[in-house]
Amino acid sequence: MADLVLLADERISSVRVHECDEPLVDLREVGEIEMDGRQADLDGAYARVRLGALQRLRLAQASLPGGYRLVVVEGYRPPALQERYFADRVAFLRERHPDWSAAEAHRQASRYISPPAVAPHTTGGAVDLTLRGPDGRLCWMGTEVNDSPEESQDACYTDAENISAEAAANRAILRGVLAGAGFVNYPTEWWHWSTGDRYWAFTVGATHAHYGPLVEMGGDLDP
């Protein structure tokens, strides 16, 4: 885990963005991918993803073993909400670790919430998701979606070893189909996968990101 590249790393913020202006689509209207309502917001932003992300989700779902389904918890996140989440996380860590510098609190916060400037969710290219099994129940993945490192004793890390064999097997299924469809994982969060954003570009060695932040204005989402 010492070699993990966090979203606060300057190598991520230095990735160029060539916005492709690909539209957002509402997964609830498409109907092919199940949406979980736990992160639902009044504007329905949580259910929106870029068209390219939808296409990759379709590929991933088609590759799942029989009876399994993807369940998306959150897609697009407005920048203002991302900023609030990150500020709250930094404040929590500064209170918990008063000896940390502002820079260290910023870096540590990025293990769980991305700095707003590089946040994958604000681009519409990221999804938080889990699996539903053949028995109709959500699969146990070792932690709940969005459990923090503190809450889970770092079991939220994708390669965590302090999880059951069942959870590890379920994570392997999720990883296999999502990586196969072209998503990349943020390794501190087993549930977080993205495409087209800066972290994706850095991970796959692309010359630039295709998706930049989208700003919510009057109910419409404009690049």
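Given the structure is predicted, the values throughout are model-derived calculations rather than measurements.
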* Have Gln108 and Arg111 got a donor and an acceptor in their side chains that come within less than 3.5 Å? -> yes
Checklist entry - When you measure from the side chain of Glu104 to the backbone N and O of Ser101, does any donor-acceptor pair fall under 3.5 Å? => result no
Check: Val145 and Glu74 side chains under 4.5 Å, non-hydrogen atoms
no
Is a donor on one side and an acceptor on the other found under 3.5 Å between the side chain of Tyr68 and the backbone of Ile173? no
Any side-chain heavy atom of Tyr199 within less than 4.5 Å of one from Val15? no
Where the side chain of Arg132 meets the backbone of Arg69, is there a donor-acceptor pair that is under 3.5 Å apart?
no
Heavy-atom donor-acceptor pair, Asp43 side chain to Ala45 backbone, under 3.5 Å
no
Would you find a donor on one side and an acceptor on the other, under 3.5 Å apart, between the side chain of Gln61 and the backbone of Leu70?
yes
What one should report as the nearest heavy-atom pair of Val5 and Tyr186 is O-CE1, 3.8 Å
Using modelled atom types only, decide if a donor and an acceptor are shared between the side chain of Asn170 and the backbone of Trp140 within a distance under 3.5 Å. yes
What one should report as the nearest heavy-atom pair of Arg94 and Ala105 is CD-CB, 3.2 Å
Nearest heavy-atom contact between Asn185 and Thr158 is OD1-OG1, 2.6 Å
Check: Can any side-chain N or O of Tyr112 pair as donor or acceptor with the backbone N or O of Asn146 at less than 3.5 Å?
Finding: yes
> Is a side-chain donor-acceptor pair under 3.5 Å present for Asp197 with Thr123?
Replying inline: no
Open item on the list: Using 30° and 60° as the class boundaries, would you call the ring planes of His210 and His208 parallel, tilted or perpendicular?
Closed with: perpendicular
With Tyr211 as partner, the option from His18, Glu22, Glu19 fulfilling side chain to side chain donor-acceptor pair (under 3.5 Å) is Glu22
Practice prompt. Would you mind reporting whether Arg56 and Trp193 have side-chain heavy atoms less than 4.5 Å apart?
Written response: no
